[in-house]
Protein chains: 2
Amino acid sequence: MSETRWLDADEQRTWRTYLWASQLLHESLDRQLQREAAMPHAYYMILAMLSEAPGRSMTMTELAQLVRSSASRLSHAVAKLEAQGWVHRCKRPGDGRTTVATLTDEGFAALAAAAPGHVEEVRRVLFDRLTPEQVEQLHDIFGVVLANLNTTDGC
Amino acid sequence: MSETRWLDADEQRTWRTYLWASQLLHESLDRQLQREAAMPHAYYMILAMLSEAPGRSMTMTELAQLVRSSASRLSHAVAKLEAQGWVHRCKRPGDGRTTVATLTDEGFAALAAAAPGHVEEVRRVLFDRLTPEQVEQLHDIFGVVLANLNTTDGC
DNA sequence: CCGATTTAGTTGAGCGCTCAAATGTACGGC
DNA sequence: GCCGTACATTTGAGCGCTCAACTAAATCGG
């Protein structure tokens, strides 16, 4: 049992700034999408990832990895999206386990309708205020975090 | 109605890296606290902010601003915390509107018990992997975002 | 082949959050 | 003093997420 290495004043300040900002950022995004497209941000991402896949189709497991979601979360989400007619699920022939989710035309239309407002919001809350250097720094910093979490959480 | 300024490849890449990383980061934090201290991260923050206030007490509105929470969210949260005996609420004498929340000794003990593990997790997921320069960059970037959102969302 | 394990996905309970509405208190104008 | 408004907080419904349990199909070892 070692002594706790507390955060120093600088780290503390940075940590809280990050925490509040990222929280507000996510809430802004979510509110905008909820207001203008009647979907939460997580659902938007599912539609977006599907739209970029060949045949607008993907296995549930692939999709879960892409959106960094648990199998459970994705299953619940896709169930709702299917009920709205935006996604369609069917078992892959030849393998009774895997399910393939497909973006429907209605789903693609909903995504296309939501996209411009969403992108504008992303610019408003983030990119419009940052210099190109800061954008690069942001990428590097969270690249490190992502690599770290992808490996350490996987064991 | 102007043309949408879509994200270019660099922005897209940065945006998704940030999104996934911040999501995983938040989930790691939340899981660790839930596992080891049986509280979500938002509740930890409420206790932490109260613990730093004079008399370990604060108005609900002040507290809400500090943790960047809606009045509703805070009210629900403090209700749970009060049921657990970690926070106590009472009306301020002389003003029947404002409620003062106070961290109890049990609440302080719970916070103290949770803190070391939480700080370690914060280090593990973030600070241990970043250079001092990156920490400073992180602070600057989200300082901008925070200032932006605090002003634009307030009107 | 057959039983045990692994893999893919779903389900249900419980909880925190959002949004809108409601409650109760203070204040400002006449 | 009284009424309308603004303020401080709470409440309840609905929803997305987590966790753990479950179903069912593929695979592997003997």
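All heavy atoms count here, side chains included; hydrogens, waters and symmetry mates do not. Lettering follows sequence order; numbering is per chain, from 1.
- Atom CG of B:Leu63 and atom P of D:dT10 are 11 Å apart (whole Å).
- Formation of a donor-acceptor pair under 3.5 Å by the A:Thr104 side chain with backbone atoms of A:Gly85 is found in this model.
- Looking at heavy-atom distances under 4.0 Å, A:Arg35 makes no contact with the nucleic acid at all.
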Output one letter per nucleotide in nucleotides 14-21 of chain C: B when a protein non-hydrogen atom lies under 4.0 Å from the base, S when only the sugar-phosphate is that close, - when neither is. --SSBBB-

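- A donor-acceptor pair under 3.5 Å is formed between the side chain of B:Ser51 and the backbone N or O of B:Ala48.
- For A:Ser70, there are no side-chain hydrogen bond (donor to acceptor under 3.5 Å, both in side chains) partners two or more places apart in sequence or in a different chain.
- Formation of a donor-acceptor pair under 3.5 Å by the B:Thr102 side chain with backbone atoms of B:Ser57 is not found in this model.
- Between the side chains of A:Glu36 and A:Gln32, at least one donor-acceptor pair of N or O atoms lies under 3.5 Å.
- Taken to the nearest 0.5 Å, the OH atom of B:Tyr43 stands 11.0 Å off from the CG atom of B:Asp30.
- Ring geometry, A:Phe142 versus A:Tyr18: the interplanar angle falls from 30° to 60°, so the pair is classed tilted.
- Hydrophobic clustering keeps B:Val100 apart from B:Leu103 (ILVMFWY residues linked when any side-chain heavy atoms are closer than 4.5 Å, directly or through intermediates).
- If you check residues 90-102 of chain B against DNA chain D, the residues with a heavy atom closer than 4.0 Å are B:Arg97, B:Thr98, B:Thr99, listed by number.
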